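The structure under discussion appears below in the form of structure tokens.
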Amino acid sequence: MHDIAFIRANPESFDAAMHKRGAEPVADRIVALDAKKREATTKVQQAQSRRNEASKAIGQAMGQGDKDKAEALKAEVAEIKTSMPEWEEAERAAGEELDRLLATLPNIPADDVPEGADEDDNIEVHQWGEKREFRFEPKEHADLGPALGMEFETGAKLSGARFTFLRGDIARLHRALAQFMLDRQTRENGYTECNPPLLVNDDAMYGTDKLPKFAADSFRTIDDRWLVPTSEVPLSYSVAGEILPDLAEPMRLTAHTLCFRSEAGSAGRDTRGFIRQHQFEKVELVSICRPEDSEAEHERMTKCAEGVLEALNLPYRRMLLCTGDMGFGARKTYDLEVWLPGQGAWREISSCSNTGDFQARRMNARYRPEGEKKTQFVHTLNGSGLAVGRTLVAVMENYQSEDGRVEVPEALHSYMGGVTKLEPR
RNA sequence: GGAGAGGUGGCAGAGUGGUCGAAUGCGCUGCACUCGAAAUGCAGUAUAGGUGCAAGCCUAUCGAGGGUUCGAAUCCCUCCCUCUCCGCCA
């Protein structure tokens with residue numbers, strides 16, 4: 001949600017920002033609607049004020065037993081009230097239209113976000129790690145998988161496309177990855193472990209900017225809840241409506257959860273393999289912090305995600321997303337892309353975004369700066385640390401040998417109960 | 001799923017149609033007393049919006065949304081949530 005006062009004061013720079021994100025100029029419309037709404041608000045409030053005054057006088061007249069005076073005042077109030085519904089309706093209509101319009105507008109990009117149309121305009125910030133040299137043609141995970149217990153056919157039989165059944169040591173490796181990530185983020189990076197509900201209401205989805213724009217991307221339950229598309233939703237929304245005492249240190253939350261996405265609109269993309277599933281697991285990082293801290297926190301969070309890749313010795317690169325490729329609510333986003341030798345491609349494995357106060361406004365999440373009376377909106381950040389399924393894919397492709405076996409990365413040995421290799425059947 | 005009770009300010013808790021944004025207590029802040037502290041006394045202590053250069057004024061908010069009324073924390077309806085008992089259950 002945008003700050004209406006900012007748009008009112010800076011309509012041109014607002015439109016310029018929307019233009020960068022491929023949206024039409026709307027500031028004029030917003031300012032006009034806002035003026036209309038405030039005019040109606042003032043009229044309504046004036047009428048209410050007069051009504052309240054007269055009602056008070058009626059009470060006094062009744063108290064003194066002056067029936068005639070009371071009746072006269074009643075008639076006066078009736079007169080005052082005739083114009084109220086009209087202005088109330090005007091206020092409601094303008095407010096609703098304004099909200100609807102504002103709800104569909106993406107966040108304003110940060111100054112250092114490059115302008116661009118799509119992923120080709122993203123900027124590589126840095127690369128880490130050496131791409132491993134293979135003395136054979138490395139396979140894609142989708143080809144390695146079935147012999148190792150990554151059963152696409154079984155998943156399809158049970159549930160349909162984009163579902164996969166993991167059996168045996170590969171299921172354990174998947175679990176080990178999640179445990180490893182969660183332990184690392186909690187023990188080394190100071191995140192507090194959470195276990196949130198995975199079915200959430202409309203408010204939580206709206207507050208974290210998944211509604212109204214992306215309703216089709218998520219699953220709806222028959223009792224009108226949503227399956228979380230990411231645990232960012234419950235983690236971030238946990239501070240909705242709160243006034244946090246102070247945020248000298250950012251509030252850092254993490255959770256390992258299932259995520260559900262309908263993947264409407266991505267038909268035909270990544271249909272093969274384990275990359276794009278309706279159900280997947282993710283270790284999510286969320287930070288709630290003061291506005292002046294969010295930029296540093298964004299860097300820190302991204303490093304926390306990178307640390308997992310480094311510990312697993314998986315080559316990756318950090319991309320700064322351009323205006324055209326950023327998510328709706330983000331003001332700045334880094335994607336981490338891991339190297340997949342089987343596919344010969346970089347694939348997104350984490351996305352870390354600073355949403356500024358965009359979500360905080362929607363969910364009314366504030367804090368009170370030390371010693372001050374006024375509250376301020378917090379800044380919220382979210383990132384993957386990491387997507388578990390895609391990390392499994394990266395391990396398979398980077399740690400494979402010619403005979404189809406996959407070595408378990410050293411960092412995971414303590415989680416694997418002595419298993420150091422996945423053996424094909 | 002059935003039966004009942006209830007949701008009031010940071011907390012506890014009054015208030016069942018008329019100066020109620022809300023008594024009182026606790027907590028918190030400031031001041032006084034004190035060498036200092038405690039105790040005590042006094043004062044202050046919600047959020048959001050509109051309007052104004054400002055002091056201020058106005059409006060809304062007693063779980064949420066509607067309704068009745070000149071006037072609603074208080075009456076009516078719908079929904080949400082919490083608690084107790086019964087049933088069922090991982």
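What you are looking at is a predicted structure, and each value in this text was computed from that prediction instead of being measured. No hydrogens, no waters, no symmetry mates; every other heavy atom, side chains included, goes into these values. First the proteins, then the strands, lettered A, B, ... as listed; each starts at 1.
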Output field: ring centroids His278(A)/Phe163(A) closer than 6.0 Å: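 Ring centroids of His278(A) and Phe163(A) are less than 6.0 Å from each other.
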Answer yes if the ring centres of Tyr334(A) and His298(A) are under 6.0 angstrom apart, and no otherwise.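 Aromatic pair counts; centres sit under 6.0 Å.
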Whole-Å distance separating the [atom1] atom of [X] from the [atom2] atom of [N]:
X	N	atom1	atom2	result
Arg368(A)	rC28(B)	CZ	C1'	12 Å
Trp87(A)	rG50(B)	CH2	C1'	15 Å
Glu53(A)	rU19(B)	CD	C1'	12 Å
Asp202(A)	rC80(B)	CG	P	13 Å
Asp34(A)	rU51(B)	CG	C1'	14 Å
Leu73(A)	rG18(B)	CG	C1'	13 Å
Gln48(A)	rC70(B)	CD	P	16 Å
Arg225(A)	rC81(B)	CZ	P	7 Å

For [N], what is the paired nucleotide under Watson-Crick or G-U wobble rules, both distances under 3.5 Å?
N	answer
rA23(B)	none
rU59(B)	rA48(B)
rG17(B)	none
rA73(B)	none
rG30(B)	rC42(B)
rA5(B)	rU82(B)

Should [X] be listed as having a side-chain N or O under 4.0 Å from OP1 or OP2 of [N]?
X	N	answer
Arg51(A)	rC70(B)	no
Thr42(A)	rU51(B)	no
Arg92(A)	rG65(B)	no
Asn52(A)	rC58(B)	no
Lys81(A)	rG71(B)	yes
Arg361(A)	rA48(B)	no
Thr41(A)	rA60(B)	no

With nearest nucleotides of RNA chain B determined for Gln46(A) and Asn364(A) from heavy-atom distances, which residue corresponds to the more 5′ nucleotide?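 Checking each residue's closest nucleotide, the 5'-ward one belongs to Asn364(A).
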I want to confirm an ordering. Mapping Ile243(A) and Ile58(A) to their closest nucleotides on RNA chain B, which one lands closer to the 5' end?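 Comparing both residues, the 5'-ward one is Ile243(A).
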Quote, to the nearest angstrom, the [atom1] distance that separates [N] from [M].
N	M	atom1	answer
rU78(B)	rA22(B)	P	32 Å
rU47(B)	rC11(B)	P	13 Å
rC75(B)	rC81(B)	P	23 Å
rU34(B)	rU29(B)	P	22 Å
rU19(B)	rA32(B)	C1'	33 Å
rA64(B)	rG9(B)	P	10 Å
rA43(B)	rU59(B)	P	27 Å
rU8(B)	rU74(B)	P	14 Å

Reckon Arg50(A) touches a base, only the sugar-phosphate, or nothing at all at heavy-atom distances under 4.0 Å?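 Since no nucleic acid heavy atom lies under 4.0 Å of Arg50(A), the category is nothing.
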Given salt bridge (charged side-chain N to carboxylate O under 4.0 Å, His left out), test Asp209(A) with Arg362(A) step by step and report yes or no. CA-CA 8 Å; Asp209(A) 65 57; Arg362(A) 289 182 161 224; 5.8 Å; no
Given side chain to side chain donor-acceptor pair (under 3.5 Å), test Gln359(A) with Glu232(A) step by step and report yes or no. CA-CA 11 Å; Gln359(A) 293 180 334; Glu232(A) 170 206 341; 2.8 Å; yes
Between Glu423(A) and Lys421(A), is there a side-chain N and carboxylate O pair less than 4.0 Å apart?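 Judged by the 4.0 Å cut-off on N to carboxylate O distance, Glu423(A) and Lys421(A) do not form a salt bridge.
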State which of rC70(B), rU47(B), rU59(B) makes the closest approach to the side chain of Val77(A).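 For the Val77(A) side chain, the nearest candidate turns out to be rC70(B).
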Compare the minimum distances between each of rC58(B), rG71(B), rG50(B) and the side chain of Ser49(A), then state the nucleotide with the smallest one.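 The listed nucleotide nearest to Ser49(A)'s side chain is rC58(B).
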Flag if over 12 foreign heavy atoms under 6.0 Å of CD, Glu153(A):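 Check fails, neighbour count at 12 or below.
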Do the numbers put Arg261(A) on top of the ring of Phe280(A), so that NZ or CZ is under 6.0 Å from the six-membered ring centre and no more than 45° off the axis?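 No - Arg261(A) does not lie over the ring of Phe280(A) by the 6.0 Å and 45° rule.
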Show, in sequence, the C-alpha distance, side-chain angles and deciding distance for Thr254(A) and Glu284(A), and conclude whether the side chain to side chain donor-acceptor pair (under 3.5 Å) test is met. CA-CA 5 Å; Thr254(A) 186; Glu284(A) 183 73 3; over 6 Å; no
